[in-house]
Chemist: 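Pasting a structure below so you can have a look.
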Amino acid sequence: MKNEDFNGIMEGIEDATAFVQGKHARAHVVAGPDIKALRKRIKMTQAVFARTYRLPLGTVKDWEQGRRQPDAPARALLAVIEKNPEIVQRALAEG
């Protein structure tokens with residue numbers, strides 16, 4: 001095992017221990033984008049939003065209901081959709 005791998009594991013254990021003890025950890029959870037508000041702003045149902053942006057409907061529902069948070073690539077896609085939904089629609093329609 002490489003030293004950097006071992007150190008990463010140890011840092012994770014230290015973070016977990018600190019969390020259980022109620023101490024501050026290095027990691028911070030960042031709230032995800034408000035998908036429901038975005039979807040309503042562009043006047044789409046969950047099904048239409050999912051189909052238009054090639055997302056699984058269950059995933060959109062999970063995001064909106066707080067069961068899951070978008071991962072980094074999904075956050076990037078959602079940020080672009082938020083800035084210019086029509087361009088994303090056109091790009092995906094052409095592909």
Side-chain angles (χ1 to χ4, degrees):
M1 178 182 292
K2 294 180 183 177
N3 280 342
E4 64 189 55
D5 295 335
F6 178 79
N7 291 338
I9 292 169
M10 288 306 298
E11 288 174 2
I13 291 170
E14 291 168 6
D15 285 346
T17 303
F19 178 79
V20 169
Q21 295 172 347
K23 298 177 184 173
H24 294 284
R26 287 189 311 259
H28 298 283
V29 176
V30 178
D34 189 344
I35 289 92
K36 186 173 185 177
L38 168 60
R39 184 177 56 75
K40 288 188 177 268
R41 184 174 59 82
I42 57 179
K43 298 179 175 95
M44 290 186 176
T45 64
Q46 287 178 332
V48 171
F49 185 85
R51 186 172 51 252
T52 301
Y53 297 112
R54 298 185 186 178
L55 299 164
L57 178 57
T59 299
V60 173
K61 289 180 178 184
D62 285 347
W63 289 342
E64 288 191 12
Q65 294 172 8
R67 289 190 296 260
R68 308 241 14 230
Q69 289 292 320
D71 60 10
R75 284 177 191 259
L77 174 62
L78 292 166
V80 176
I81 292 169
E82 194 160 20
K83 294 288 183 187
N84 200 326
E86 296 82 17
I87 286 180
V88 179
Q89 289 174 25
R90 279 198 311 255
L92 291 174
E94 293 171 5

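The first residue in the sequence is number 1, and the count goes up from there. Bear in mind the structure is a predicted one, so any value in this text is a computation, not a measurement. These numbers come from the heavy atoms of this one structure, side chains and all, not from hydrogens, waters or symmetry mates.
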Chemist: Apply side chain to side chain contact (heavy atoms under 4.5 Å, CB included) to Ile9 and Ile13, showing your working.
Modeler: CA-CA 6 Å; Ile9 292 169; Ile13 291 170; 4.0 Å; yes
Chemist: State the CD-CZ distance between Glu11 and Phe6, to the nearest 0.5 angstrom.
Modeler: 11.0 Å
Chemist: Go through Tyr53 and Val60 one step at a time and tell me if the side chain to side chain contact (heavy atoms under 4.5 Å, CB included) criterion holds.
Modeler: CA-CA 10 Å; Tyr53 297 112; Val60 173; over 6 Å; no
Chemist: Give, for atom CH2 of Trp63 and atom CG of Leu55, the distance between the pair rounded to the nearest 0.5 Å.
Modeler: 5.0 Å
Chemist: Linking I/L/V/M/F/W/Y whenever any side-chain heavy atoms sit under 4.5 Å apart, do Ile87 and Met44 land together?
Modeler: no
Chemist: From Gln65 CD over to Ile35 CD1, what is the distance, rounded to the nearest 0.5 angstrom?
Modeler: 11.5 Å
Chemist: Would you kindly confirm whether Leu38 and Leu57 end up in one hydrophobic cluster when ILVMFWY residues are joined by side chain heavy atoms under 4.5 Å apart?
Modeler: no
Chemist: Taking all atoms of both residues into account, what is the closest heavy-atom pair of Thr52 and Leu92, and its distance?
Modeler: O-CD1, 3.7 Å
Chemist: Can you pull the side-chain hydrogen bond (donor to acceptor under 3.5 Å, both in side chains) pairs that have at least one residue in residues 32-48, sequence neighbours excluded?
Modeler: Arg39-Glu64, Gln46-Glu64
Chemist: Counting C-beta onward and ignoring hydrogens, is there a side-chain heavy-atom pair between Leu77 and Ile81 closer than 4.5 Å?
Modeler: yes
Chemist: What pair of heavy atoms forms the shortest contact from Pro33 to Arg75, and how long is it?
Modeler: CD-NH1, 4.1 Å
